[in-house]
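A, B, ... follow the sequence lines: proteins, then strands. Residue 1 opens every chain. Quick caveat, the model's predicted, so the values are computed rather than measured.
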Amino acid sequence: MVAALDNGLGTDAGNTTGIGDPFLKIRDVGKQFGSFVALERVSLNVLTGEFVSFLGPSGCGKTTLLRAIAGLDPPTVGRIIQAGRDITALPPAERDFGIVFQSYALFPNLSVAENIGYGLRGAAWPKARRHQRVAELLQLVGLADQTVKYPAQLSGGQQQRVALARALAAEPGLLLLDEPLSALDAIVRLHLRQEIRSLQQRLGVTTIMVTHDQEEALSVSDRIVVMSQGRIEQIGTPEEIYCAPASAFVAGFVGRSAHFMAKVHTPTGYITTHGLVMPAKAASTLLYGEEAEVFIRPEDVELRPITDHGDGSFEAVVAGYEFLGPVCRLGLEANGLRFEADITPAAFTELGALPGARLSARFRPDRLLIFPAHG
Amino acid sequence: MGKPFLAQSGVIRPKASSDEISLRIIQALGFLFLSLALALPLASLLLRAFEDQHGSFVGLRNFAIYVTTPSLVRSAWNSVWTAFITTCVVIPLAFAYAYGLTRSCMPGKWIFRAIMFLPILAPSLLPALSLIYLFGNQGMLRWMMDGGSIYGPWGIIGAQIFYCFPAAAILLSVALSTADGRLYEAAEALKASRFRIFLTVTLPGALYGLVSASVVVFTLVVTDFGIPKVIGGQFNVLATDVYKQVVGRQDLNMGAVVGLVLLLPAILAFLLDRWAHGKRTATLSGRAVAYRPKPRLRRDLPAFLFCLSVALALMVIVAVAVWGSFIRFWPYNLSLTLDNYDFARFDTAGWQAVWLSVKLSLITAFVGAALIFIIAYSLERGPQRGFLAVLLRLLATIPLAVPGLVLGLAFIIFFNHPANPFGIIYGTLAILVLNSIIHFYTVGHLTAVTAIRQLDPEFEAVSASLHVPIWQTFGRVTLPICLPAIFEILVFLFVSAMTTVSAVIFLYGPDTKPASVAVVHMDEAGQASAAAAMACVIMAISLSAKLMQLVVGGLFARFTSAWRR
């Protein structure tokens, strides 16, 4: 059997790939396990060469969607079109993708080189070409000196690179990463995620990564698909997801923030909570008296000495602090409203923000994230 | 409030991959095989119990005759109480022995572990013959019986204790070795006394192991045929009743009824064990730290002395049989001789029976291990949807609950039926092989399943994404990694087929008499020394197979140490 090459045959007439067309089209894809709906008719496009992350808490359907794209658990309804070919019902072996699992699933009895060359077989890969390709990949992932070792003799990070090289060996059109970094310790994880990203950019391979780690998704993705309870909450660039979350779920899930309920106040563009009134740009489109969920991130809280009053500022008491190096994270309380603020260590000293200190606080009006409570 | 179901229109019908199709075909073939060799024979046994000699349906009449025949009912009761007493003796002994092996720092643990396996390697008749040598009519220690007789319940119980000890000790040492060391540290930190720690940590941890071991011992005793046959005398039990009805009275119908009665405790035990097994899974979390005993003389010395005495007792039983087999005329002329090993003098089959047994066991081991492993793989990694996988899984676990005698009887009824085209294998080596594979199927199946489940579940997904067909990954990855488990199945099948009596006693033909059956026949003919000699030959062959397993296993471990953690 020759490795399946996507030569455009078997494409529907109406689905010819044009320039700028998405590489992967997902249309109304749903998955039901017995009576449990794991995925509710989601749709999205992935462009050629893009790095897209599926982000969400466990059980949100992100892995289900990835496995549907891979054909490991075909969807119940919907259509998946890859490079103009309808692959919805095809078994994995008739698709064109490479995959890295959380466990890596390296073959323990085969050496690093044998693992990487595992899929390079048949007429398309004569021995010489296979050796050359394996050497190339070993070079690419920086393991050229580890060829004869077995997976058990490698560190977690090295195993991960072998899995990546194996998945990329036959130059698949699509790379799928299922929580590829979660089995590693924190420092290796930071390093490897950048390595994966630069490798992906160099090769230009379209990549989908599933992760529950929002920082990971923010740092490597071109676009992020935030999912919750089988639905897509938002699709957007990392900046959009962080700064302009589309729903209360996204605001709460991505980044750090204080969360509280507030009511829309008069005049327009003001909200009130815990007896405090403050300006909020996003509230200007809401009706008076409407209940809203509000989020404020620690870096969007401004602190001044207690004597310094400004519009929308209020008195807050320092409840505790955490020294994080470049910033100090203060825990504050105002009329029973608890929130956090990040300030520089210099500002910390200047303000004398020790527990019990009273400061003037203000939430930046343009950064308050507001969502109607029954929206 | 639940989420709305996805509309039922436009549901995707996934195209089956060639891997899925081939695994499905293997599942179907496995189902066909187990249906023919297990389900249909058992069904014909069941039917037979409701028919008279001429094949007409008589409803429950056979059962009515059974419950109104005092001798038959008494046998059932005899089976139950001897099994109960054996269980009550074996479990504490085995528990203490396993405790010494796993929870003490006594010296020579590996020797004790090796001796523990000894009784498995001999036919169950061997301890019975030893006891007869010691306490029988010509026994050396007959004076100790104080006028009582070893031929009867006490002989049965004594021999069963020896025969059942390994099974219980193995199960209990597994249960005791999977302890979470952190629980002990926590208990010590909370200043619990040693006795309290034993009651609150050790015993609950081993509880399901205890249930499992008790169930296994009880079933072994009820269903064993060799020991009551040799040492039971006039004391009848269920297993000897089946034999008498079938071989003595040629009454297959009543044999089938007694067989069904024999199936009853076995099935109950099986269900109880399944229940205990299900309960056990959650006792050890993935983050547990293995418990390592620290040396402590006040525990290690008694443990050592206890294990030493049990091991000595096991050795003595074996040694007496071996010694007896070399004695000219027990107990009057104790000079040594090889005459008893000249089997042709006692049984027309002579040494042929031994070679036949070896051949039977080798074929059973190789064919059985291949079949069992491939079917288990197709079940674990093949399609799980539909009835086929569920039914096949059920069929694979049934043999554990079917006593050898019952299976043998089911085989005669099914394969000896004039209308059965498979009847041609009746009386040949093939039926003995088939019977042995089915009889020991489940243990092998469970070993295979455990080994396959330890593999990363995504191996098949990875190879599909790399466009590598599943049989290639099976050959290059699954098989090499599972070799130790396959070898274990192989040796288990070999030893079991070598030593079993009950499964084959109904099925051998004039040219296919296995050694274990020859032991029974020679004992029946009053040739106890020759019977002991034959039992020793069987034990020696099983022992060599086991030793070979250790050597090959050691070599394999050395060659693969690079990739094994």
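- Heavy atoms of Gln472(B) lying under 4.5 Å from chain A belong to its backbone as well as its side chain.
- Within the 4.5 angstrom heavy-atom criterion, atoms from both the backbone and the side chain of Thr473(B) approach chain A.
- Residues Pro108(A) and Phe459(B) form a side-chain contact, since some pair of their non-hydrogen atoms from C-beta on lies under 4.5 Å apart.
- Within the 4.5 Å cutoff, side-chain heavy atoms of Tyr118(A) are placed close to those of Ser463(B).
- Heavy atoms only, all atoms of each residue included: Ile99(A) and Ser465(B) are closest at CG2-OG, 3.7 Å.
- Residue contact with chain B, scored on non-hydrogen atoms closer than 4.5 Å, involves the backbone of Leu106(A) exclusively.
- Closest of all the heavy-atom pairs between Asp456(B) and Ala105(A) is OD2-CA, 3.5 Å.
- Shown here are the salt bridge (charged side-chain N to carboxylate O under 4.0 Å, His left out) partners of Lys109(B), two or more places apart in sequence or in another chain: there are none.
- Around CZ of Phe366(B), the count of heavy atoms belonging to other residues, nucleotides or ligands within 6.0 Å does not exceed 12.
- The shortest non-hydrogen separation linking Gly119(A) to Val468(B) is CA-CG2, 3.9 Å.
- Shown here for Ala461(B) and Leu72(A), the closest heavy-atom pair between the two residues is CB-CD2, 3.4 Å.
- Interface check for chain B: of the options Ala167(A), Ser103(A), Ala163(A), the most heavy-atom pairs under 4.5 Å are formed by Ser103(A).
- The main-chain N or O of Arg476(B) is found under 3.5 Å from a side-chain atom of Asn109(A) such that the two form a donor-acceptor pair.
- Pro91(A) touches chain B through backbone and side chain together, each having a heavy atom under 4.5 Å away.
- Minimum interatomic distance between Arg166(A) and Leu466(B) (heavy atoms only, all atoms of both residues): O-CD2, 3.5 Å.
- Between Gln102(A) and Glu458(B) the shortest side-chain heavy-atom distance does not fall below 4.5 Å.
- A heavy-atom distance below 4.5 Å is not found between the side chains of Phe107(A) and Ile481(B).
- Using a distance-only test at 3.5 Å, with no hydrogens or angles considered, a donor-acceptor pair links the side chain of His467(B) to the main chain of Arg95(A).
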